[in-house]
Amino acid sequence: MAAKNYQVAEILYMVADYLDLEGEEFKVRAYRRAARSIENLSQSIEDVAKSGKLQEIPGVGEAIAKKIDEFLRTGKMEHLEKLKRKSPVDMESLNAVESLGPKKIKLLYQRLGVRNVEHLSKAAKEAKIRGLPGFGELSESKILQSLGNVSSNKRRFPREEVVPIAEMIRKKLQSMNVVEKVEVVGSYRRKKETVGDLDILVVSSSPSEVMDAFLNIDGIDHTIGEGEKKASLVLDNGLQVDLRVVGAESYGAALIYFTGSKYHNIRLRKIAIKKGYKLNEYGLFKGDEMVAGSTEEEVYRELGLDYIDPENREE
DNA sequence: TACGCGCAGGCATATG
DNA sequence: CATATGCCTG
DNA sequence: GCGTA
Ligand SMILES: [Mg+2]
Ligand SMILES: [Mg+2]
């Protein structure tokens, strides 16, 4: 695939991140949608541009088409440069810090002049962050901790590399008496060549015991969060693993939700709404009544759809 | 040209 | 304590 | 910023 497609998508995602920082909402979505379309484009973006058909790409209109053209001609996008001048912060590295998002990054920049992780580290060590609106002592120590969890590990992993890890975790959980089912879901189940993390779904009526076992598997670097039904951790090699525990009656709905993709989920949930239902990871509901949920087939059927294989759930 | 904009929910933390 | 907000998951 | 009513 043409390398330029990836570059154009990346730059549009960056524009979105800076707009996010400014509190924009819909432009952010617009740029991300365009970026995603270009990522999934089957032709070279340069060829599309040459034939003047950029605006035929879903989510690309007059304004974004112009900017793409500019980037392809000059290697730069003035719009992005301008946004960076206005908010001179290193979004890429700051965004990679766990617990920091656009709102908090904006506040840190405005009140403390934080532009990058070095500034952030200094501010945290000097205890200047606690006391900002929305930040307390806990937030500050969490930031320091996140900074220690080097973000260099934030990469995607080749499928082959995670297969043994997935199997190890699956077997361990499977062996528990209170566990009825274990499935590795997410992009792993969709058979993508690379995965951003591992998503694991467990059916059990004793979630707390499952949580406990999960949080004690081998090779954990640190835990991100842990609740009654959900936990996330990062392994020594930087791979994030998410666990979700549900009851048997929700197995199918949870499989659908956790297998994704996100866009597939949104699509299904919209169809559900149109048919007067509500779809979430617990089931398909008409009012308070569950009409499907224990199997995937059942949920698709109630939505009036044929079963869709996981590898075909990108949209 | 004006207007609405993808869905749903768990967890951590701050706030009052 | 309940509620709001932000971040994060698919 | 885009798509559509
Ligand atoms: Mg995943
Ligand atoms: Mg995940």
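Below, all heavy atoms of this structure are taken into account, side chains as well, without hydrogens, waters or symmetry copies. Convention: sequence-line order gives letters A, B, ...; per-chain numbering from 1.
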Which is true for [X] with a 4.0 Å heavy-atom rule: it touches a base, it touches only sugar-phosphate, or it touches nothing?
X      : result
A/K106 : nothing
A/E24  : nothing
A/I256 : nothing
A/T259 : sugar-phosphate
A/Y263 : base
A/R267 : nothing
A/L19  : nothing

Taking atom [atom2] of [N] as reference, at what distance in whole Å does atom [atom1] of [X] sit?
X      : N      : atom1 : atom2 : answer
A/L243 : C/dG10 : CG    : P     : 13 Å
A/I11  : D/dG1  : CD1   : P     : 15 Å
A/L21  : C/dC7  : CG    : C1'   : 15 Å
A/F258 : B/dG10 : CZ    : C1'   : 11 Å
A/R190 : C/dG10 : CZ    : C1'   : 8 Å
A/D20  : C/dC8  : CG    : C1'   : 13 Å
A/L54  : D/dC2  : CG    : P     : 11 Å
A/L108 : C/dG6  : CG    : C1'   : 13 Å

Salt bridge check: are [X] and [Y] linked by an N-O gap of less than 4.0 Å?
X      : Y      : result
A/R189 : A/D309 : no
A/E311 : A/R190 : no
A/E78  : A/K67  : no

Pairs of donor and acceptor atoms involving the side chains of residues 171-184 of chain A, under 3.5 Å and at least two apart or interchain, shall be tabulated with distances.
unit_1 : atom_1 : unit_2 : atom_2 : d
A/S175 : OG     : A/K172 : O      : 2.8

Reckon [X] has a side-chain N or O less than 4.0 Å from the OP1 or OP2 of [N]?
X      : N     : answer
A/Q55  : D/dG3 : no
A/N265 : B/dC7 : no
A/Y31  : B/dC5 : no

Is the cationic atom of A/R36 (NZ for Lys, CZ for Arg) positioned less than 6.0 Å from the six-membered ring centroid of A/Y263 and within 45 degrees of its normal? yes

Using a 6.0 Å distance limit plus a 45 degree cone around the ring axis, check whether A/K104 lies over the aromatic ring of A/F135. yes

Walking DNA chain B from its 5' end, the first of A/I273 and A/F26 to be reached, judged by nearest nucleotide, is A/F26

Tell me whether A/S206 contacts the main-chain N or O of A/E209 through its side chain, where contact means a donor paired with an acceptor under 3.5 Å. no

For the side chain of [X], counting heavy atoms from C-beta on, which of [options] is nearest?
X      : options               : result
A/Q240 : B/dG9, D/dG1, C/dT9   : C/dT9
A/R244 : D/dG3, C/dG10, B/dG10 : B/dG10
A/I266 : B/dC7, D/dC2, C/dC7   : B/dC7
A/N280 : C/dC7, B/dC5, B/dG9   : B/dG9

Please output the side-chain donor-acceptor pairs of residues 123-131 of chain A that fall under 3.5 Å, not counting sequence neighbours, one pair per line with the distance.
unit_1 : atom_1 : unit_2 : atom_2 : d
A/K125 : NZ     : A/S121 : OG     : 3.2
A/E126 : OE1    : A/K128 : NZ     : 2.9
A/R130 : NE     : A/E140 : OE1    : 2.7
A/R130 : NH2    : A/E140 : OE1    : 2.8

Encode nucleotides 11-16 of chain B as B, S and - characters from 5' to 3', where the letter depends on protein heavy atoms closer than 4.0 Å: B to the base, S only to sugar-phosphate, - to neither. SSSSS-

